Amino acid sequence: MKEYVESILKEEQIRFREPMHKYTSFRTGGEADCMLFVDNAEQLGKILHYMHLTGNEYFLLGNGTNLLVSDKGYDGTVIKLGQGMSRMHVEGERIYVEAGALLSQTARRAQEAGLTGMEFASGIPGSIGGGLVMNAGAYDGEMSQIVESVTVMNEDGEIMELDCDTMEFGYRTSAIKNRSFVVVETALHLKKGEPDSIRARMDEFAVRRKAKQPLEYPSAGSIFKRPEGYYAGKLIMDAGMRGYRIGGAQVSEKHCGFIINTGNATSEDIAELMAEVQERVKERFRVDLEPEIVRLGVF
């Protein structure tokens, strides 16, 4: 594999035994066997095709904001979308943006262009690619409301385009979540608005986030999906778990839907705390909490 990737990527795009804690919002996790920083769709296609042909295990990494990596690391290749795959441009009421761009960056670009509809994403720390896979949302907005089409790549490196209906968006899910598709680019259809009004709404959301969320600590945002008819954070609080700790991992006192790294948490601490929260809520309310985050490696 080393010889093949060296024929496609530059030396600085290839790293071995790379510490994953540098690439996740939890700031935990062991080493990945190999990490490849891919800068364009051509490189991505060749790498994916090679991985498929050889059967090598791989994981596609966006901004690492919804990810818990094992302390033992990952016995495979992490493909990281580099800065070269974060381009965006505006045409009328549409923004065309590549998968590596951040949701927050895209929301700011929309505001500058006087386009409204993406304000909800201005404080979400993930990438466009990850946001599409998970149908990211906040404050009554979500990606499904603004997506016109999504360009994806299959494991053979072939490109295809999916429209919004084909994406089968649902609550924190989409048609590509459990398929071997990789998001390359998307077209977002927004509406004309006043830049100052759009900025004011984004600022309002930022104030609300700061007041209610533990932004000063490493976390992965809301750790559990919202159960039908309930709010995960309230269930956790009512189960008496506010401030509960295992090692350096803690249920946030500010927002019980968050698990935070108080400074020295391990991924195992976080995983154990998640399990304890699920067990307590199940015992008290007979509600199963389903994690939003993805686990990578062996726990």
Side-chain angles (χ1 to χ4, degrees), residues 1-89 96-106 109 125-133 150-160 176 180-186 218 220 261 266-267 293-298:
M1 180 178 121
K2 185 174 183 292
E3 291 183 0
Y4 181 78
V5 296
E6 286 177 344
S7 71
I8 298 172
L9 306 177
K10 298 177 182 177
E11 182 179 351
E12 60 268 24
Q13 292 176 270
I14 307 168
R15 298 182 189 175
F16 295 97
R17 307 309 308 171
E18 185 70 3
M20 288 297 292
H21 69 83
K22 299 192 297 183
Y23 302 97
T24 71
S25 58
F26 266 132
R27 298 293 179 257
T28 64
E31 296 178 335
D33 275 2
C34 177
M35 180 175 280
L36 307 177
F37 295 80
V38 178
D39 278 336
N40 55 59
E42 182 181 1
Q43 291 178 351
L44 178 61
K46 290 179 179 178
I47 295 296
L48 289 179
H49 184 55
Y50 174 81
M51 294 293 178
H52 177 50
L53 287 178
T54 59
N56 283 322
E57 186 177 348
Y58 68 91
F59 179 82
L60 193 83
L61 178 67
N63 202 39
T65 55
N66 206 37
L67 180 66
L68 184 65
V69 180
S70 169
D71 298 319
K72 302 180 183 72
Y74 175 58
D75 186 20
T77 298
V78 174
I79 302 173
K80 178 81 169 72
L81 299 186
Q83 289 299 310
M85 289 195 70
S86 60
R87 291 177 289 267
M88 66 181 78
H89 69 277
Y96 297 87
V97 55
E98 293 183 317
L102 297 181
L103 289 161
S104 56
Q105 292 175 333
T106 310
R109 182 68 185 92
S127 66
I128 284 288
L132 289 168
V133 172
V150 180
T151 302
V152 299
M153 182 179 291
N154 66 18
E155 57 190 5
D156 290 317
E158 299 168 337
I159 294 288
M160 61 190 73
I176 61 178
S180 55
F181 290 159
V182 174
V183 176
V184 176
E185 185 181 33
T186 186
N261 180 351
T266 64
S267 291
I293 65 170
V294 175
R295 298 190 186 200
L296 184 64
V298 178

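Please read these numbers as outputs of a predicted model, since none were measured by experiment.
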Working to the nearest 0.5 Å, report the span between [atom1] of [X] and [atom2] of [Y].
X	Y	atom1	atom2	result
Thr28	Leu67	OG1	CG	8.5 Å
Cys34	Glu18	SG	CD	9.5 Å
Ile79	Met35	CD1	CE	10.5 Å
Asn66	Thr24	CG	OG1	11.0 Å
Tyr4	Asn56	OH	CG	11.5 Å
Asn154	Met160	CG	CE	4.5 Å

Can you check side-chain contact (heavy atoms from CB on, under 4.5 Å) on Ile47 and Leu36, steps first, answer last?
-> CA-CA 9 Å; Ile47 295 296; Leu36 307 177; 4.0 Å; yes
Take Tyr23 and Val69 through the side-chain contact (heavy atoms from CB on, under 4.5 Å) test and state the conclusion after the steps.
-> CA-CA 10 Å; Tyr23 302 97; Val69 180; over 6 Å; no
Provide the closest heavy-atom pair for [X] versus [Y] in the form atom of the first, atom of the second, distance.
X	Y	result
Val183	Ala99	O-CB, 3.1 Å
Ala41	Met153	O-CE, 3.4 Å
Phe59	Tyr74	N-OH, 3.6 Å
Gly29	Ser267	N-OG, 3.5 Å
Gly62	Ser127	CA-OG, 3.8 Å
Gly100	Ser86	C-CB, 3.8 Å

If you count every heavy atom of other residues, nucleotides or ligands that lies below 6.0 Å from [X] atom [atom1], does the total exceed 12?
X	atom1	value
Glu42	CD	no
Glu12	CD	yes
Lys22	NZ	yes

Are any of the side-chain heavy atoms of [X] and [Y] separated by less than 4.5 Å?
X	Y	result
Thr54	Met1	no
Thr77	Met51	yes
Asp75	Glu57	no
Glu98	Ile128	no

Do Glu155 and Leu48 pass the side-chain contact (heavy atoms from CB on, under 4.5 Å) test, and can you show the C-alpha distance, the side-chain angles, and the key distance before you say yes or no?
-> CA-CA 5 Å; Glu155 57 190 5; Leu48 289 179; 5.5 Å; no
Mark yes or no for whether [X], through its side chain, and [Y], through its backbone, hold a donor-acceptor pair below 3.5 Å.
X	Y	value
Lys80	Val38	no
Gln105	Ala101	no
Asn63	Leu102	no

Kindly determine whether Phe26 and Ile293 satisfy side-chain contact (heavy atoms from CB on, under 4.5 Å), including the steps that lead there.
-> CA-CA 11 Å; Phe26 266 132; Ile293 65 170; 4.3 Å; yes
Using distance alone, with no hydrogens and no angle criterion, decide if Ser25 and Thr65 have a side-chain donor and acceptor under 3.5 Å apart.
->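 Ser25 vs Thr65: no donor-acceptor pair found between side chains.
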Given Val97, which of Arg109, Met88, Arg87, His89 fulfils the side chain to side chain contact (heavy atoms under 4.5 Å, CB included) condition?
->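 Going through the options one by one, the only one that passes is Met88.
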